[in-house]
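For reference, the structure is listed below as structure tokens.
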Amino acid sequence: WSTEPLDGNSDGNVAIYAGSLRQSALVYQHSIADCPCFRVFSFINGMGKQADNTLLLTDDRGDHHAVQYGLWKFDLADSPLADPQPLLGEDSQQGPLALSSSTNTLLYSSYEGFVPAPTDSSVPDDSNALSYANILSLANINSSRLTLDAPQTILPAQHNLSNSAAYHWVTTPLFSPTGHTLVYVEFSSDAQAPFDRHNALYTVQIGNTNSQSHMSKPQLLATSTSFFVELGPWLNNQVLTFYSNGSIYALDIGSRTVATITHPGAYAHIIAVIGQH
């Protein structure tokens, strides 16, 4: 895990801790005034000495929201530990979105943008400050060389459209536990207040041959009348959770059936599923 100063100012350090649950230790730190301000993104499912020993780090640039730019590899098996090494370029538009731990397939965006915050409180306040992906790219991380293979484009970027409501934006993309299915929410935003959002769910099927990913075109899974939809963890390879309109649901992507899990009555972020049934 990673830590940084609570107030986000130039005093204090960014720190990374790693190790077993009973013997975690500080493995890296530097001043928050000297970004990249590393945040833990994921483990690489490596081979040999890299297995469970290589972290992927991203840069939040001192922003406490869920923003992340670029990607670095950090090998915990090195002795002494070397500085993190770049894996994905850190320009202002490029950042990792999701990683399939079973296949080391990375989903990232190289073009992001800000979307007007709805004025009717239909979207949680913290989400209003996020930048959203307008392009989706897929690439395999070679677990033996720890390099990024050539990317493939799932969703192409849009540039200089005359109507802002025509732009598509992506949020909460998720790989299934096997890594063979990608699900994401695609939404558009009205050009005028209250800037309501219109959501749809898409799936992409991913196959792997000789360590290369082969993907299908995005397929529409469902549309929603809710102004805010957020995907949550998978219950198994067929069923995933999502939040919408004050309730948490389970969606079977095969039969396209939906069941209500609980109704908290207000926004609830689904953190994890413990035990799969």
task = Keeping the roles fixed (side chain from T58, backbone from Y69), state whether a donor-acceptor pair exists under 3.5 Å.
result = yes
inquiry  = For a quick test of reading the model, state the closest non-hydrogen atom pair linking L99 to I141 and the distance between them.
reply    = CD1-CD1, 4.0 Å
message = Would the distance check show the side chain of Y167 and the main-chain N or O of L161 forming a donor-acceptor pair, the cut-off being under 3.5 Å?
response = yes
ask   = Any luck finding a side-chain donor-acceptor pair between S247 and N245 under 3.5 Å?
value = no
request  = Not counting sequence neighbours, which residues clear salt bridge (charged side-chain N to carboxylate O under 4.0 Å, His left out) with D196? List them please.
outcome  = none
inquiry  = Tell me whether R197 forms a cation-pi arrangement with F228, defined as NZ or CZ under 6.0 Å from the six-membered ring centre and within 45 degrees of its axis.
reply    = no
query = Hey, does the side chain of Y111 reach the backbone of P156 with a donor-acceptor pair shorter than 3.5 angstrom?
reply = no
message = Parallel, tilted or perpendicular, judged at 30° and 60°: which one describes the rings of F242 and Y249?
response = parallel
query = Who passes side chain to side chain donor-acceptor pair (under 3.5 Å) against S2, sequence neighbours left out?
reply = none
inquiry  = Assess the residue pair Y108 and I135 against the criterion (side chain to side chain contact (heavy atoms under 4.5 Å, CB included)); give the C-alpha distance rounded to whole Å, side-chain angles, the decisive distance to 0.1 Å, and a yes or no.
reply    = CA-CA 8 Å; Y108 69 95; I135 180 175; over 6 Å; no
message = Looking at N237 and T178, would you say the former's side chain and the latter's main chain have a donor-acceptor pair under 3.5 Å?
response = yes
ask   = Looking at F114 versus Y132, is the centre-to-centre ring distance below 6.0 Å?
value = no
inquiry  = Donor-acceptor check, side chain of S20 to backbone of Q23, threshold 3.5 angstrom: yes or no?
reply    = yes
request  = Output the distance between atom CE (M215) and atom CD1 (I206), rounded to the nearest 0.5 Å.
outcome  = 8.0 Å
ask   = What pairs with T241 under side chain to side chain donor-acceptor pair (under 3.5 Å), at least two apart in sequence or on another chain?
value = none
request  = State which residues pass side chain to side chain donor-acceptor pair (under 3.5 Å) with Q158; sequence neighbours excluded, sorted by chain then number.
outcome  = N134, H168
key: Nonpolar side-chain network containing W1, other nodes, edges under 4.5 Å   = Y17, L26
message = Side chains of T105 and N140 only: does a donor on one sit below 3.5 Å from an acceptor on the other?
response = yes
ask   = Are the ring centres of F175 and H180 closer than 6.0 Å?
value = no
key: Value rounded to 0.5 Å, distance of CG in L155 from CH2 in W169   = 11.0 Å
query = Judged by modelled atom types alone, do S226 and S244 share a side-chain donor-acceptor pair under 3.5 Å?
reply = yes
Aromatic contact, F74 with W72 (centres under 6.0 Å) = no
task = Sequence neighbours left out, what passes side chain to side chain donor-acceptor pair (under 3.5 Å) with N199? Give chain and number order.
result = none
query = Does a donor on one side chain and an acceptor on the other come within less than 3.5 Å for Q205 and T181?
reply = yes
